[in-house]
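Side-chain atoms are counted along with the backbone in the values below, which use heavy atoms only and exclude waters and symmetry mates.
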Amino acid sequence: VARRLSLRKHPECHSMAGGQAIEHLAQAGNQEQLVFRLPMKQYRNCNFSFSGLLNLVNHAIARKEREEGIEEGEILSCVEDIAAAVQHAVAAHIMQRTCRAMLFCKKNGILPPNNATLVVSGGVASNQYIRKGLQNLADANDFALLCPPPRLCTDNGVMIAWNGIERLRAGLGVLHRTDGIRYEPK
């Protein structure tokens with residue numbers, strides 16, 4: 001969404017990562033100016049998907065560009081409102097699906113009844129709006145919420161690579177021979 005909104009060109013966001021720029025602009029936006037339908041409402045499972053939401057957002061951005069008479073790549077006057085609406089929809093989708101998973105785990109005795117903990121990491125855990133929503137969700141369901149400090153909530157690929165470096169240094173779980181290992185794409 002940040003790329004589609006050309007937030008690198010926005011004077012306040014030129015040096016920010018996409019998610020950080022969305023969160024920054026959303027603080028000044030009105031999330032009620034645009035309302036995006038939550039994805040996958042018809043599915044009663046715990047899966048996440050943002051592709052349908054991205055499609056809705058792209059159409060809304062294109063419509064606003066036509067309304068304002070600007071070309072793709074220029075900054076919309078309502079960019080803060082779009083950021084706020086997108087952030088809210090993403091947070092609501094994450095909270096809805098996470099709540100469903102929490103209730104499933106409670107109902108099926110998968111987690112300890114007295115020490116249930118929700119752990120959130122990666123880039124999404126650096127967003128304070130999402131983190132606050134998940135804290136409220138955890139509190140309402142008697143879960144503890146654990147999140148790394150935002151400075152450690154980096155790209156998941158980087159975190160996985162860093163974990164690999166640490167394991168290699170410690171000599172833990174390192175394969176010295178790869179004979180018999182098959183790699184298959186999904």
Side-chain angles (χ1 to χ4, degrees), residues 1-41 46-65 67-68 70 72-102 117-141 143-162:
V1 172
R3 190 176 309 118
R4 178 62 181 85
L5 287 170
S6 302
L7 296 185
R8 289 270 185 211
K9 295 179 181 178
H10 194 284
E12 295 176 25
C13 304
H14 63 89
S15 64
M16 295 180 184
Q20 185 182 16
I22 294 288
E23 181 178 13
H24 173 75
L25 293 174
Q27 292 173 355
N30 180 350
Q31 70 188 32
E32 295 174 7
Q33 289 298 317
L34 287 128
V35 177
F36 295 111
R37 188 178 71 247
L38 295 185
M40 303 178 68
K41 286 201 69 113
C46 302
N47 298 338
F48 292 89
S49 175
F50 296 95
S51 60
L53 177 60
L54 181 59
N55 200 25
L56 291 172
V57 171
N58 283 333
H59 287 301
I61 292 169
R63 186 178 68 250
K64 291 292 184 183
E65 287 169 342
E67 288 173 10
E68 292 187 15
I70 66 171
E72 182 176 327
E74 295 180 53
I75 304 297
L76 288 164
S77 65
C78 60
V79 70
E80 292 91 354
D81 296 339
I82 294 172
V86 168
Q87 178 178 255
H88 179 73
V90 167
H93 181 53
I94 289 171
M95 289 173 53
Q96 179 189 69
R97 295 301 167 155
T98 302
C99 182
R100 195 171 294 213
M102 293 163 84
T117 303
L118 173 63
V119 178
V120 182
S121 64
V124 72
S126 67
N127 182 294
Q128 294 303 305
Y129 184 84
I130 294 172
R131 193 184 280 225
K132 183 178 178 186
L134 289 171
Q135 182 66 65
N136 292 339
L137 178 65
D139 292 345
N141 287 285
F143 274 64
L145 176 69
L146 292 179
C147 297
R151 67 182 175 78
L152 299 177
C153 296
T154 59
D155 179 81
N156 288 333
V158 173
M159 290 191 300
I160 291 167
W162 187 268

Answer yes or no: is there a side-chain heavy-atom contact under 4.5 Å between [X] and [Y]?
| X | Y | answer |
| --- | --- | --- |
| Glu12 | His24 | yes |
| Leu7 | Leu25 | yes |
| Pro150 | Gln128 | yes |
| Leu145 | Leu137 | no |
| Arg8 | Arg3 | no |
| Arg97 | Met40 | yes |

Original post:
Would you find a donor on one side and an acceptor on the other, under 3.5 Å apart, between the side chain of Glu80 and the backbone of Asn30?
Top reply: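 Between the backbone of Asn30 and the side chain of Glu80 there is no qualifying donor-acceptor contact (under 3.5 Å).
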Original post:
Under 3.5 Å, side chain of Lys9 to main-chain N/O of Gly73, donor-acceptor pair present?
Top reply: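 Side chain of Lys9 to backbone of Gly73, a donor-acceptor pair under 3.5 Å: yes, one is there.
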Restricting to non-hydrogen atoms, name the atom on [X] and the atom on [Y] that form the minimum distance, rounded to 0.1 Å.
| X | Y | value |
| --- | --- | --- |
| Cys46 | Arg100 | SG-C, 3.9 Å |
| Phe48 | Ile94 | CE2-CA, 3.5 Å |
| Val120 | Pro148 | O-CD, 3.1 Å |
| His93 | Leu38 | N-CD2, 4.1 Å |
| Arg131 | Pro149 | NH2-C, 4.2 Å |
| Leu134 | Met95 | CD2-CG, 4.0 Å |

Rounded at 0.5 Å granularity, tell me how far [atom1] in [X] sits from [atom2] in [Y].
| X | Y | atom1 | atom2 | result |
| --- | --- | --- | --- | --- |
| Cys13 | Ile75 | SG | CD1 | 8.0 Å |
| Leu76 | Ile70 | CG | CD1 | 4.0 Å |
| Asp139 | Gln135 | CG | CD | 4.5 Å |
| Cys78 | Glu67 | SG | CD | 8.0 Å |
| Ile22 | Ile82 | CD1 | CD1 | 9.0 Å |
| Glu32 | Asp81 | CD | CG | 10.5 Å |

May I have the list of side-chain donor-acceptor pairs in residues 83-92 shorter than 3.5 Å, sequence neighbours left out?
| residue | atom | partner | partner atom | Å |
| --- | --- | --- | --- | --- |
| Gln87 | OE1 | Asn127 | ND2 | 2.9 |
| His88 | ND1 | Gln31 | NE2 | 3.4 |
| His88 | ND1 | Tyr129 | OH | 2.7 |

Subject >> Ser6 vs Glu74, side chain to side chain donor-acceptor pair (under 3.5 Å): CA-CA, chis, key distance, verdict >> reply: CA-CA 7 Å; Ser6 302; Glu74 295 180 53; over 6 Å; no
Subject >> Evaluation steps, side chain to side chain contact (heavy atoms under 4.5 Å, CB included), between Ser77 and Glu68 >> reply: CA-CA 8 Å; Ser77 65; Glu68 292 187 15; 2.6 Å; yes
Subject >> Working for side chain to side chain contact (heavy atoms under 4.5 Å, CB included), residues Leu118 and Thr98 >> reply: CA-CA 9 Å; Leu118 173 63; Thr98 302; 3.9 Å; yes
Original post:
Between Lys41 and Gln96, does a side chain to side chain contact (heavy atoms under 4.5 Å, CB included) hold up when you go through it step by step?
Top reply: CA-CA 9 Å; Lys41 286 201 69 113; Gln96 179 189 69; 3.6 Å; yes
Tabulate below the donor-acceptor pairs under 3.5 Å that side-chain atoms of residues 49-63 make, not counting sequence neighbours, or state none.
| residue | atom | partner | partner atom | Å |
| --- | --- | --- | --- | --- |
| Ser49 | OG | Ser51 | OG | 3.2 |
| Asn55 | OD1 | His59 | NE2 | 3.3 |
| Asn58 | ND2 | Leu54 | O | 3.4 |

